[in-house]
Each structure stands twice: as structure tokens, then as C-alpha cells.
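Just below is one structure, and these are the notes that go with it.
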Amino acid sequence: MSELPRLDDHVLGLVRWAWCRELGLPEGSLDDPSDGSRLEVAGPADAVVVLQLAGATALRAPADVLGAARDLPDEVLALESTLLRLTARHAPRSLGEADLLYAAEAPEISPSSSVAVSDAPEHAARLTALCPADDVHAADLGPAPLTLVPDDGHGEALGDPLAGAGHTVWQGLLARMGILTVPEHRVRGLGTYAAAVAAERAFLDGLVPEARVRTQDRAGQAIAMALGFARAGSLARIELTAGR
């Protein structure tokens, strides 16, 4: 990924606090990774999570996986292939590796004369109907997404939606962003525009926008760069299905 802006200390502090809550770590555990020690949390038997955040590494996993991983370097542990090997007896299913990116300020948005922003539920429903089911699931637009629809030039929405974006509130602090564009309208900047509007709304709600971008998702990385998101770390997750 190309170089992205750095996060300021205030935003990074909020991100660390949210992840401490998510992983069941004491508050402040992720603040000082200078000694290089890995944080370990004995977690539920149905998942493994490896978080790398601003120099700190945390592993939440069942006890046997914690033991097997203890002598592995952090950069090796965070690999999907390593986690699948460590959890082979648990019938693992990878949920992927992703970069974690956050926005410290709202993006600049220029008014558009070609699309209008709609909050109408029927437009959101139509958007998902026009997109592949896997894309809809991966986007996870949240409970109240916005959509972009063609504009007649006077602010009046016309026709089917083109793209949409939204967020899910996570740990009361972060807005986990989702973006969805109708396949035939991709690579036109519509997803970026929708994401910018959604990120601005998240800021107005007092939330820090978060983007989880799959490691090989170049389109997602380009959108994050365009909106000024900063990379703070990475996340790898494995679902354990044996015995479920």
C-alpha cells in the first residue's frame, strides 16, 4: 500500500481503547508496545484473532492455540497460512487478513451535479438487489445507509441507485464503514464519493470512521487513500468450526 497519513495521538487513543474492549484487554494494554511482548487473551473456542496495532500485537485464541503460537514471531503469526496451520484440528475457516485504517478528520466533499444523496430505504433496498449477494454481505452497509442516485440537475433523484455507503457503530466509538457500487458503475469514483459523505456523517455523530480493507483489495485501498484514512495496523481472523 502507498504511504498514508499518520494518525494523531487522540484518534489513536480512541482506536486502542475500542480494541482493548473488543479483545477483553485491560484499558491501556495497547498503549506502550516498546517492550515487544505479545498480549495474549484466552478467548472463546470458536475464533482466533490477531491484531497488530501501532506496534503492539495481541492474540486472542483458545489455550492450545496460544501455546502453539508462543514462539512464533509476530509477523509470521499474523499470516493467514500460519493461523490455518495452528488451528488445523479445529476445522478452521479464514475470515481474511485486512488492513485497519482510520480517519482523523472529515473528508472534503465537493457538491455533485450528477448524483443526489438519498436516505430513502427503498433506494438502499434497490441498491442491494442490483449487486451480487457476496458483495452485499462483504460491504455491510449498516442499518441506515445512504445511496447515490442520478440527479436531474436540480437536486431531484431519478432512476436506480448507483452506489451507497454506511457504517455500523462499533464499541460506541468507531464507525465501521461499508461501500457498495453497482457493478456496471464501478471505477467512476462513485464509491469514493458515497464513502466521503458517509464518513462525514460518522464524524457528525462523534465517531471515528474505520475501514477494514482486505490486503489484496486495491480498489478499497485507493478509496482509503483518496479520503485521507491512515493505516494503523492489521487484523487476521480465523473461525473455528469443529464441534459447532
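In what follows, every heavy atom counts, from backbone to side chain, and hydrogens, waters and symmetry copies are set aside.
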field: Intermediate values then yes/no, side chain to side chain contact (heavy atoms under 4.5 Å, CB included), R212 and R176
entry: CA-CA 8 Å; R212 297 187 183 185; R176 185 181 297 172; 2.7 Å; yes
Any pair counted as salt bridge (Lys or Arg N to Asp or Glu O under 4.0 Å), so long as it reaches residues 125-138, sequence neighbours left out: R126-D160, D135-R186
Side chain to side chain contact (heavy atoms under 4.5 Å, CB included) between L59 and V48, intermediate numbers included: CA-CA 7 Å; L59 169 64; V48 172; 3.8 Å; yes
message: Any heavy-atom pair between the side chains of C131 and P183 that's under 4.5 Å?
response: yes
field: Heavy-atom check, side chain of L127 versus side chain of L180, under 4.5 Å
entry: yes
Contacts of type side-chain hydrogen bond (donor to acceptor under 3.5 Å, both in side chains), residue D64, not counting sequence neighbours: R89, H90
Pairwise side-chain contact, L95 with I238, heavy-atom cut-off 4.5 Å (strictly under): no
- prompt: Are any of the side-chain heavy atoms of L72 and T82 separated by less than 4.5 Å?
  reply: yes
- request: With the side chain counted from C-beta on, respond yes when L162 and V149 share a heavy-atom pair under 4.5 Å apart, and no when they do not.
  value: no
Side-chain donor-acceptor distances from residues 194-205 under 3.5 Å, at least two apart:
from: R201; atom 1: NH1; to: D119; atom 2: OD1; distance (Å): 2.5
from: R201; atom 1: NH2; to: D119; atom 2: OD1; distance (Å): 3.4
from: R201; atom 1: NH2; to: D119; atom 2: OD2; distance (Å): 3.4

field: salt bridge (charged side-chain N to carboxylate O under 4.0 Å, His left out) against R93, all qualifying residues, sequence neighbours excluded
entry: E239
statement: L190 and A163 have their tightest heavy-atom pair at CB-CB, 3.9 Å
- line: Closest non-hydrogen atoms of A139 and I179, given as atom of the first, atom of the second and distance, are CB-O, 3.3 Å
- prompt: Pairs in or reaching into residues 136-149: which pass salt bridge (Lys or Arg N to Asp or Glu O under 4.0 Å), with residues at least two apart or in two chains?
  reply: none
What donor-acceptor contacts under 3.5 angstrom involve side-chain atoms of residues 8-20, with partners at least two apart or in another chain?
from: D8; atom 1: OD1; to: H10; atom 2: N; distance (Å): 3.1
from: D8; atom 1: OD1; to: V11; atom 2: N; distance (Å): 2.8
from: R16; atom 1: NE; to: L30; atom 2: O; distance (Å): 3.3
from: W17; atom 1: NE1; to: E27; atom 2: OE2; distance (Å): 3.4
from: W19; atom 1: NE1; to: Y102; atom 2: OH; distance (Å): 3.0

query: Under 3.5 Å, side chain of E210 to main-chain N/O of A103, donor-acceptor pair present?
result: no
- prompt: Which heavy atom in L141 sits nearest to a heavy atom in G164, and how many Å separate them?
  reply: CD2-O, 4.2 Å
- prompt: Is any side-chain heavy atom of H167 less than 4.5 Å from a side-chain heavy atom of L207?
  reply: yes
- request: Say whether, by atom type as modelled, one donor and one acceptor occur between the side chain of S118 and the main chain of T147 under 3.5 angstrom.
  value: no
- request: Check for a donor-acceptor pair, side chain of S29 on one end and backbone N or O of L25 on the other, with a separation under 3.5 Å.
  value: no
